[in-house]
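Notes to accompany the following structure.
In this text the structure is predicted, and so the values were computed from the model without any measurement.
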Amino acid sequence: PSIVAIAQANPGALWVIGHEIARGDWQSGGGGTGRQDEILPELYAEAYHFLYGVLKQADPSARVAIGGVIQATPLRLAYLDRVWEAYRSKYGVTMPVDVWNIHTFVLQEVRNSWGADVPAGLTETQGVVFPIRDNDNFEIVRQQIITFRQWMKAKGEQDKPLINTEFGVLFPFWIQDEDDRYFTPDRVSGFMTAAFDYFFTATDTLIGYPAD
């Protein structure tokens, strides 16, 4: 069925346009390539505009979210800045986002290497370079959420919800980090428990979602 038919059959649904739109070519584990929905920021602004219009015409109650960036780092925020400005430049209005969407992985950003690579359209060869041991460092995840909320507030978007549609430990249990430690079930469980505790309880009157 078409997007229009699905939207009309599911009024009020949340639609996510794209997946890891600012991801580079390489899979997080290294080796093979996996482009996900990698797209130039200016082209994403056009695709978002088109699909947002289709969805809202089919179902005015539909809610639309961006495709989650793989991690909230300076490179990914620079990518979103370009999407934001491209939309305003081309259409003369603020990009209409009902729900903001991120992923909060902890991966290195090095062009043509394992991890998150460098977003399409950016000229940098690397961004943050997290070691493997940090893949389960929840403090970095927590800071990514705060950083993205600060970015939202700066854009006048504080009153919008923020969802985190992917997070977790990506390395399998047989992989050792730089300290020769394995990603054991207990280690992963500790990360997930810290994540759930934070997601259930964290609030912030300065940058948080006022309706939360």
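Counting non-hydrogen atoms of neighbouring residues, nucleotides and ligands closer than 6.0 angstrom, the CD atom of Q57 reaches no more than 12 such neighbours. Residue-environment remark: CZ (F199) exceeds the threshold of 12 foreign heavy atoms within 6.0 Å. Heavy-atom neighbours of F173 CZ from other residues, nucleotides or ligands within 6.0 Å: at or below the threshold of 12.
Closest non-hydrogen pair, A195 versus F167, comes out as CB-CE1, 3.5 Å. Nearest heavy-atom pair, A58 versus Q8, reported as atom, atom and distance to 0.1 Å: O-CG, 3.4 Å. Considering every non-hydrogen atom in both I132 and Q176, the closest pair reads CG2-O, 4.4 Å.
Taken together through direct or relayed side-chain contacts under 4.5 Å among Ile, Leu, Val, Met, Phe, Trp and Tyr, V16 and F105 form parts of separate hydrophobic clusters.
No hydrogens or angles considered: a donor-acceptor pair under 3.5 Å links the side chains of D81 and W151. Checking S61 against D59 by side-chain atom types alone, a donor-acceptor pair falls below 3.5 Å. T73 and Q144 form no side-chain donor-acceptor contact under 3.5 Å, judged by distance and modelled atom types alone. Remark: the Q71 side chain and the E109 side chain contain an N/O donor-acceptor pair separated by less than 3.5 Å.
The aromatic rings of Y87 and Y91 sit tilted, their planes meeting at an angle between 30° and 60°. F171 and F183 have parallel rings, their planes meeting at less than 30° on a 0 to 90° scale where 60° marks the start of perpendicular.
Side-chain contact check for D98 versus K56: some heavy-atom pair is nearer than 4.5 Å. No side-chain heavy atom of E38 sits under 4.5 Å from any side-chain heavy atom of D117. For the pair I66/Y44, a side-chain contact is recorded, criterion being any heavy-atom separation below 4.5 Å from C-beta on. At least one side-chain heavy atom of E166 sits less than 4.5 Å from a side-chain heavy atom of E20.
Interatomic distance, CH2 of W15 versus CG of L51, reported as 9.5 Å (0.5 Å rounding). Separation of atoms OG1 (T104) and CZ (R142) is listed at 12.5 Å; rounding is to 0.5 Å.
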